[in-house]
Amino acid sequence: MSRFWSPVVGTLSPYVPGEQPKLQNLVKLNTNEHPYGPSPKVLEAIRAAADDTLKLYPDPSSDRLRHAIAKNAGVQANQVFVGNGSDEVLAHVFLALLKHDKPLRFPDITYSFYPVYCGLYGIQYETAPLAADFSINVDDYLPGANGQAGAIIFPNPNAPTGRALSLADVERIVAGNPDAVVVVDEAYVDFGGESAVGLVGRYDNLLVVQTLSKSRSLAGLRVGFAVGSAELIDGLERVKNSFNSYPIDRLAEAGAVAALEDTEYFDKTRVAVIETRSRMTAGLQALGFEVLPSAANFVFARHPEKDAAGLAAALRERSIIVRHFRHARIDQFLRITVGTDEQVNLLLEALAQVLQG
Ligand SMILES: *Cc1c(COP(=O)(O)O)cnc(C)c1O
């Protein structure tokens with residue numbers, strides 16, 4: 001606490017990002033980055049953009065990028081909002097679209113940034129418990145069960161469980177709440193989920209958020225976006241233009257457009273991750289782990305006999321970092337990002353040693 005802080009600062013509980021260690025040669029499976037680098041065309045585009053024009057501000061409305069996203073999504077450019085990572089997009093979504101008299105509803109086990117934004121913006125929220133198998137219970141998000149929510153947000157696939165809802169289930173939630181905004185955070189959808197982007201033309205209350213950080217291998221570039229009705233996007237623009245007119249810099253826009261255009265590289269690398277995920281899941285199961293079915297680039301696994309925090313520490317001693325959350329219901333799980341085949345081999349060998357010892 002400092003006497004110079006605004007009163008709100010002391011009340012905040014900030015998000016704690018996964019560790020970004022300075023050490024080289026670690027097997028880093030803790031923050032769901034893509035194991036393969038971005039498309040060579042992305043690097044080329046960024047190099048080409050690194051010129052004298054950096055003295056100029058970028059396009060405040062990121063038209064090229066919004067058009068590239070709109071083309072991929074099959075919508076109009078005025079149905080696309082872009083931001084400095086989807087975390088920034090989500091921040092604007094919370095303030096612009098999720099703050100209402102009735103509480104916002106999201107799962108009890110989910111992306112831990114959601115309650116942080118609620119704290120920052122003074123948004124009331126309530127959580128709906130995941131089922132025993134860690135799936136989202138669709139009925140919890142329909143007005144019948146718990147009354148009308150002020151708004152709804154959930155990731156699909158969910159984080160950190162990796163479990164996905166079918167598109168039909170997502171549509172039931174969207175169709176069942178015509179007077180409330182429903183935000184589907186699709187950070188991991190390209191690794192096996194079904195995107196709800198195709199529904200935005202039919203539902204003006206649906207906003208789909210995606211990022212280039214995970215499936216496009218661009219966590220370091222900071223580009224995320226939302227797709228929804230022009231009315232929702234307009235609300236987001238009003239907040240964005242009250243905050244920062246230029247969230248997407250010139251290099252980020254050049255790289256992001258190139259990434260969205262290189263569909264061949266995108267498909268090749270995301271399929272590689274999906275294949276490695278199957279092998280990693282089978283390897284963990286052979287070691288006795290229970291692994292939740294994952295549609296993401298990570299798995300959520302627990303060992304029936306070994307304490308998860310102890311396992312994470314033992315892996316760390318062997319230079320392998322995974323994520324462990326000290327939260328109720330999930331403190332015996334490890335969230336392990338799908339790495340390269342070589343990294344997964346190292347992980348499985350290390351776990352075999354630890355479990356024997
Ligand atoms: C990673 C992640 C994000 C944020 O990604 P950005 O890097 O900020 O685009 C948003 N939602 C979920 C569920 C995530 O896992």
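Every number for a ligand or one of its atoms is a count from 1 in the order of the listing.
Judged as a side chain to side chain contact (heavy atoms under 4.5 Å, CB included), and not counting sequence neighbours, the contacts of D51 are T53.
Of all the heavy atoms of Y188, the ones lying under 4.0 Å from any atom of ligand 1 belong exclusively to the side chain. Contacts between A187 and ligand 1, counted as non-hydrogen atom pairs separated by less than 4.0 Å, involve the side chain only.
Neither side chain, Y141 nor D169, offers a donor N or O lying under 3.5 Å from an acceptor on the other. When only modelled atom types and interatomic distance are considered, Q20 and E33 share a side-chain donor-acceptor pair under 3.5 Å. A donor-acceptor contact closer than 3.5 angstrom links the side chains of T31 and K28. A donor-acceptor pair shorter than 3.5 Å can be found between the side chains of N32 and Y188.
D262 contributes no side-chain N or O that, together with a main-chain N or O of P40, makes up a donor-acceptor pair within less than 3.5 Å. Distance alone, capped at 3.5 Å, places no donor-acceptor pair between the R64 side chain and the D59 backbone.
Ligand-side atoms of ligand 1 in range of G85: 8 (O), 9 (O), range being under 4.0 angstrom from any heavy atom. The ligand atoms of ligand 1 that sit less than 4.0 angstrom from a heavy atom of R222 are 6 (P), 7 (O), 8 (O). Atoms of ligand 1 lying under 4.0 Å from at least one heavy atom of K214, given by number and element, are 1 (C), 2 (C), 3 (C), 5 (O), 14 (C), 15 (O). Atoms of ligand 1 found under 4.0 Å from any heavy atom of S213 (numbered from 1 in listed order, with element): 6 (P), 7 (O), 9 (O).
Taking 4.0 Å as the cut-off, G224 does not count as a neighbour of ligand 1 on heavy-atom distance.
Summarising the contacts of atom 4 (C) of ligand 1 with V209, L221, D87, T211, the nearest heavy atom is found in D87.
Checked by distance only, ligand 1 and Y111 stay at 3.5 Å or farther apart across all their nitrogen or oxygen atoms. In terms of polar-atom proximity, D185 is counted as a contact of ligand 1, with an N or O under 3.5 Å from an N or O of the ligand.
The aromatic ring centres of Y111 and Y15 sit less than 6.0 Å apart.
The protein heavy-atom contact nearest to atom 5 (O) of ligand 1 is S86 OG, 3.1 Å.
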